[in-house]
Number of protein chains: 2
Amino acid sequence: MELAQQVGSRLRELRLERNLSLSALARLSGVGKGTLSELEAGRRNATLETLYALTTALDSPLTAVLGPDPARATLSGRAVDAVLVERYEDPAAVTEIYRIRIRTGAVQESDAHPPGTQEHLIVLSGTARVGAASAPVEAGPGEHAHWPADIPHVYAAVSGDVEAILTVRYPA
Amino acid sequence: MELAQQVGSRLRELRLERNLSLSALARLSGVGKGTLSELEAGRRNATLETLYALTTALDSPLTAVLGPDPARATLSGRAVDAVLVERYEDPAAVTEIYRIRIRTGAVQESDAHPPGTQEHLIVLSGTARVGAASAPVEAGPGEHAHWPADIPHVYAAVSGDVEAILTVRYPA
DNA sequence: ACAGAACGTTCTGTTTACGGAACGAAATGG
DNA sequence: CCATTTCGTTCCGTAAACAGAACGTTCTGT
């Protein structure tokens, strides 16, 4: 089964990253050697208890062997790929944090968001040109930009691909 | 078993939130009625396949039935509580994103981090006074502050508790 | 070169998670 | 007011996940 195979290969990856032999992990976790062998081969649908014993021995969260979280939405546009890292709702506003990459050679325009929306960008690498469509600013590695997003705004990479953290905050 | 009981009660919560009967969820998910009954009672160690069928029918990520992620480390200091939201490693640096709250009435001092470390703060609510110990700055809701963290620095809340997003980036 | 240990896979018997049927209780409706 | 449906739990036979043993193979060390 496909799910079992995905879990199996992730399990094997984690084990090898830690330079553990299959036998060693079996001993550490208290899981049978044969069980682990077949799990890694994707020939078993593990029980939660078994998975928990293994991930605990691997000092990993249980989620490390489950697929990428489908709730972690990804948005792809002309020049920007974004993956949602976190989303909070508080009484006043909704805050979303994205890990984004801006590709060179293209400009992405975004229409106005709800009134009061603000965006912050912290650049990790590359140089970005972002902000209000009428007055974009540049931000290099380690720098920050901030603009109102309730008017049309743009994202572009000036030099090299840009890795950055984008925070969007809009009234509830 | 304790793990099974936690999963069971979360499963029941999710089902009730959606106003589904146990029988209806069993039908939707293709899981046996008896199986689901005993799962919710915490009397079974579910198989991944079964859990996946159930969470899919509930339109929830698989992680919704697993406990809170223990990898989400929390740090508590004199004035600051921080929960790690995300951590990336790239060839050049490590980036950590925290959701933090700064309590009023106390000042937290932090010693110098590794050379080259930078911190960014985006304030969601309240007014913070943060930055180099020798030259802190104020940032109100929606504002941003940025300082080198390889020297002693401070965190304080000027008015009301401060909710904010803290990004720490230091060379690998 | 050979003994011994450790490796990962395959086999074996037991336990248990599974789907479905059977059950009594509560809700529904004609 | 009784017939029918739907509810959640319990029972049952089967399939499979489990721990541990047995196996051949590949390291390790003397």
Side-chain angles (χ1 to χ4, degrees), chain A residues 1-70, chain B residues 1-70:
Chain A
M1 197 269 205
E2 193 182 342
L3 177 63
Q5 289 176 7
Q6 290 179 5
V7 171
S9 50
R10 267 185 274 271
L11 213 42
R12 172 163 285 166
E13 275 178 42
L14 285 177
R15 174 172 68 79
L16 295 179
E17 276 176 16
R18 286 161 181 70
N19 291 318
L20 284 173
S21 70
L22 188 151
S23 307
L25 177 56
R27 246 177 286 122
L28 270 178
S29 61
V31 166
K33 222 185 347 180
T35 299
L36 181 50
S37 175
E38 294 199 330
L39 275 182
E40 287 194 353
R43 305 185 49 71
R44 287 228 197 149
N45 296 308
T47 292
L48 253 201
E49 208 175 11
T50 301
L51 270 191
Y52 183 78
L54 288 170
T55 53
T56 299
L58 286 167
D59 197 32
S60 293
L62 192 37
T63 56
V65 293
L66 311 175
D69 195 335
Chain B
M1 197 268 203
E2 192 182 342
L3 178 63
Q5 289 176 7
Q6 290 180 4
V7 171
S9 50
R10 266 180 220 109
L11 213 43
R12 173 163 285 165
E13 275 179 43
L14 285 177
R15 174 171 67 79
L16 295 179
E17 277 175 15
R18 285 162 180 69
N19 290 318
L20 285 172
S21 70
L22 188 152
S23 307
L25 177 56
R27 244 178 287 125
L28 271 177
S29 61
V31 165
K33 232 197 323 193
T35 299
L36 181 50
S37 175
E38 293 198 331
L39 275 182
E40 287 194 354
R43 306 186 48 73
R44 289 233 194 140
N45 295 309
T47 292
L48 253 201
E49 208 175 13
T50 302
L51 270 191
Y52 184 78
L54 288 171
T55 54
T56 299
L58 286 166
D59 197 32
S60 294
L62 193 36
T63 57
V65 293
L66 310 175
D69 196 335

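The sequence lines fix the lettering, A, B, ..., with proteins before strands; numbering per chain opens at 1. Note that the structure is a prediction, hence the values are computed from the model and not measured.
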Between A:Leu36 and A:Ala26 the two heavy atoms that sit nearest each other are CD2-N, 3.9 Å
First and last nt of DNA chain D near chain B, cut-off under 4.0 Å to heavy atoms, 5' to 3', are D:dC7 to D:dT10
B:Glu49 CD to C:dG19 C1', in whole Å, measures 13 Å
Taken to the nearest whole Å, OH/B:Tyr52 to P/C:dC18 is 17 Å
Taking every heavy atom of A:Leu66 against every heavy atom of A:Arg10, the minimum-distance pair comes out as O-NE, 3.6 Å
Across all chains, not counting sequence neighbours, the side-chain contact (heavy atoms from CB on, under 4.5 Å) partners of B:Ser37 are B:Leu22
Which is true for A:Gly34 with a 4.0 Å heavy-atom rule: it touches a base, it touches only sugar-phosphate, or it touches nothing? base
In this structure, CG of B:Leu51 is separated from CG of B:Leu62 (nearest 0.5 Å) by 6.0 Å
Per side-chain contact (heavy atoms from CB on, under 4.5 Å), B:Leu54 is matched among B:Leu14, B:Leu28, B:Leu39, B:Val65 by B:Leu39
B:Leu36 atom CG is separated from C:dA17 atom C1', nearest whole Å, by 13 Å
Separation of C:dG19 atom C1' from B:Lys33 atom NZ, nearest Å, is 12 Å
Quick one: label B:Ser21 by what it contacts on the DNA or RNA (base, sugar-phosphate, nothing), any heavy atom closer than 4.0 Å. sugar-phosphate
When both distances are under 3.5 Å in a Watson-Crick or G-U wobble arrangement, the nucleotide paired with D:dT30 is C:dA1
In short, side chain to side chain donor-acceptor pair (under 3.5 Å) pairs touching residues 17-30 of chain B with sequence neighbours left out are B:Arg18-B:Ser60
5'-most contact on DNA chain D (nearest-nucleotide basis), B:Ser23 vs B:Thr47, goes to B:Ser23
